Amino acid sequence: TQIKFTLLNFHILNNKTDKKPGLFAGLFALVMLLGGFLLINYLPRLTLGMLLVYAGLPLVEDNLIFSYKRVTKKEFVTIWIIVLVNAIAGVWTSYAFLIAVLTGLVLA
(Lines give C-alpha, C1' and ligand atoms only; values in the text may rest on other atoms or scores of the structure.)
Protein backbone atom coordinates (compact mmCIF):
# COMPACT_ATOMS: atom_id res chain seq x y z
CA THR A 1 0.00 0.00 0.00
CA GLN A 2 1.07 3.54 -0.62
CA ILE A 3 0.74 5.14 2.80
CA LYS A 4 2.50 8.31 1.71
CA PHE A 5 0.02 8.75 -1.15
CA THR A 6 -2.93 8.26 1.21
CA LEU A 7 -1.45 10.83 3.58
CA LEU A 8 -0.88 13.19 0.66
CA ASN A 9 -4.56 12.82 -0.30
CA PHE A 10 -5.62 13.47 3.26
CA HIS A 11 -3.50 16.59 3.65
CA ILE A 12 -4.57 18.06 0.31
CA LEU A 13 -8.29 17.23 0.33
CA ASN A 14 -9.01 16.06 3.90
CA ASN A 15 -10.28 12.88 2.24
CA LYS A 16 -8.52 9.53 1.89
CA THR A 17 -10.77 8.07 -0.79
CA ASP A 18 -10.89 10.83 -3.43
CA LYS A 19 -9.18 9.98 -6.72
CA LYS A 20 -8.38 13.53 -7.89
CA PRO A 21 -4.73 13.58 -6.70
CA GLY A 22 -4.13 10.18 -8.32
CA LEU A 23 -5.63 11.32 -11.60
CA PHE A 24 -3.57 14.52 -11.49
CA ALA A 25 -0.38 12.56 -10.79
CA GLY A 26 -1.17 10.17 -13.65
CA LEU A 27 -1.91 13.05 -16.01
CA PHE A 28 1.33 14.77 -14.98
CA ALA A 29 3.27 11.54 -15.61
CA LEU A 30 1.64 11.19 -19.05
CA VAL A 31 2.51 14.78 -19.98
CA MET A 32 6.11 14.21 -18.89
CA LEU A 33 6.22 10.94 -20.84
CA LEU A 34 4.92 12.55 -24.02
CA GLY A 35 6.84 15.79 -23.58
CA GLY A 36 10.14 14.08 -23.01
CA PHE A 37 13.25 15.79 -21.71
CA LEU A 38 12.21 19.20 -23.03
CA LEU A 39 9.62 19.55 -20.27
CA ILE A 40 11.77 17.93 -17.59
CA ASN A 41 14.55 20.44 -18.26
CA TYR A 42 12.23 23.23 -17.08
CA LEU A 43 11.83 21.64 -13.65
CA PRO A 44 14.44 22.54 -11.04
CA ARG A 45 16.93 19.75 -10.36
CA LEU A 46 16.42 20.12 -6.63
CA THR A 47 12.71 19.40 -7.08
CA LEU A 48 13.38 16.25 -9.08
CA GLY A 49 16.02 15.11 -6.61
CA MET A 50 13.71 15.63 -3.66
CA LEU A 51 10.96 13.70 -5.47
CA LEU A 52 13.36 10.80 -5.84
CA VAL A 53 14.24 10.97 -2.16
CA TYR A 54 10.55 11.23 -1.23
CA ALA A 55 9.71 8.15 -3.30
CA GLY A 56 12.81 6.15 -2.33
CA LEU A 57 13.11 6.63 1.42
CA PRO A 58 9.98 4.59 2.29
CA LEU A 59 11.39 1.72 0.22
CA VAL A 60 14.71 1.93 2.06
CA GLU A 61 12.95 2.17 5.40
CA ASP A 62 10.71 -0.81 4.71
CA ASN A 63 13.37 -3.06 3.22
CA LEU A 64 16.38 -2.15 5.37
CA ILE A 65 15.02 -1.23 8.76
CA PHE A 66 11.63 -2.87 9.20
CA SER A 67 12.73 -6.15 7.59
CA TYR A 68 14.48 -7.07 10.85
CA LYS A 69 11.38 -8.87 12.12
CA ARG A 70 10.57 -10.58 8.81
CA VAL A 71 13.93 -12.20 8.01
CA THR A 72 16.54 -14.11 9.93
CA LYS A 73 19.54 -12.31 11.40
CA LYS A 74 21.84 -13.79 8.76
CA GLU A 75 19.59 -12.53 5.96
CA PHE A 76 19.32 -9.12 7.63
CA VAL A 77 23.11 -8.81 7.82
CA THR A 78 23.37 -10.00 4.20
CA ILE A 79 20.93 -7.30 3.07
CA TRP A 80 22.96 -4.61 4.84
CA ILE A 81 26.24 -5.92 3.40
CA ILE A 82 24.79 -5.85 -0.12
CA VAL A 83 23.61 -2.26 0.32
CA LEU A 84 26.93 -1.13 1.79
CA VAL A 85 28.93 -2.86 -0.97
CA ASN A 86 26.73 -1.14 -3.56
CA ALA A 87 27.19 2.27 -1.91
CA ILE A 88 30.95 1.92 -1.43
CA ALA A 89 31.65 0.40 -4.85
CA GLY A 90 29.49 3.10 -6.46
CA VAL A 91 32.11 5.68 -5.53
CA TRP A 92 34.82 4.02 -7.62
CA THR A 93 33.13 2.07 -10.42
CA SER A 94 30.01 2.04 -12.54
CA TYR A 95 29.65 -1.72 -11.96
CA ALA A 96 28.61 -1.28 -8.32
CA PHE A 97 25.26 -3.00 -8.71
CA LEU A 98 26.85 -6.01 -10.40
CA ILE A 99 29.44 -6.24 -7.62
CA ALA A 100 26.67 -6.02 -5.01
CA VAL A 101 24.67 -8.78 -6.72
CA LEU A 102 27.72 -11.03 -6.88
CA THR A 103 28.41 -10.32 -3.21
CA GLY A 104 24.84 -11.32 -2.41
CA LEU A 105 25.21 -14.54 -4.37
CA VAL A 106 28.42 -15.39 -2.53
CA LEU A 107 26.86 -14.68 0.86
CA ALA A 108 23.72 -16.69 0.03
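Not measured: the values here are computed from a predicted model.
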Exercise. For Tyr95, what residues pass the ring pair (Phe, Tyr, Trp, His ring centres under 6.0 Å) criterion, not counting sequence neighbours?
Worked result: none
Seminar exercise, completed: Looking only at heavy atoms, the pair that brings Gly104 and Ile82 closest together is CA-CD1, 3.5 Å
For this session: Give the minimum heavy-atom separation between Ala89 and Ala96, together with the two atoms involved.
Result: C-CB, 3.6 Å
Donor-acceptor list for residues 25-50 side chains, cut-off 3.5 Å, not counting sequence neighbours:
unit_1, atom_1, unit_2, atom_2, d
Asn41, ND2, Phe37, O, 3.0

Problem set entry | Partner set under side-chain contact (heavy atoms from CB on, under 4.5 Å) for Leu102, not counting sequence neighbours | Leu98, Leu105
Problem set entry | Linked hydrophobic residues, Trp92 as query - side chain contacts closer than 4.5 Å | Ile88, Val91
Problem set entry | Pairs touching residues 48-68 that satisfy salt bridge (charged side-chain N to carboxylate O under 4.0 Å, His left out), sequence neighbours left out | Asp62-Arg70
Got a list of side-chain donor-acceptor pairs under 3.5 Å for residues 72-79, not counting sequence neighbours?
unit_1, atom_1, unit_2, atom_2, d
Thr72, OG1, Glu75, N, 3.3
Glu75, OE1, Thr72, N, 3.2
Thr78, OG1, Lys74, O, 2.7

Seminar exercise, completed: With sequence neighbours left out, the residues meeting side-chain contact (heavy atoms from CB on, under 4.5 Å) with Ala87 are none
Exercise. Which ILVMFWY residues are connected to Val53, directly or by a chain of links, through side-chain heavy atoms under 4.5 Å apart?
Worked result: Leu57
Problem set entry | Path from Ile81 to Val71 over hydrophobic side-chain contacts below 4.5 Å | no
Exercise. Taking all atoms of both residues into account, what is the closest heavy-atom pair of Leu64 and Trp80, and its distance?
Worked result: O-NE1, 3.3 Å
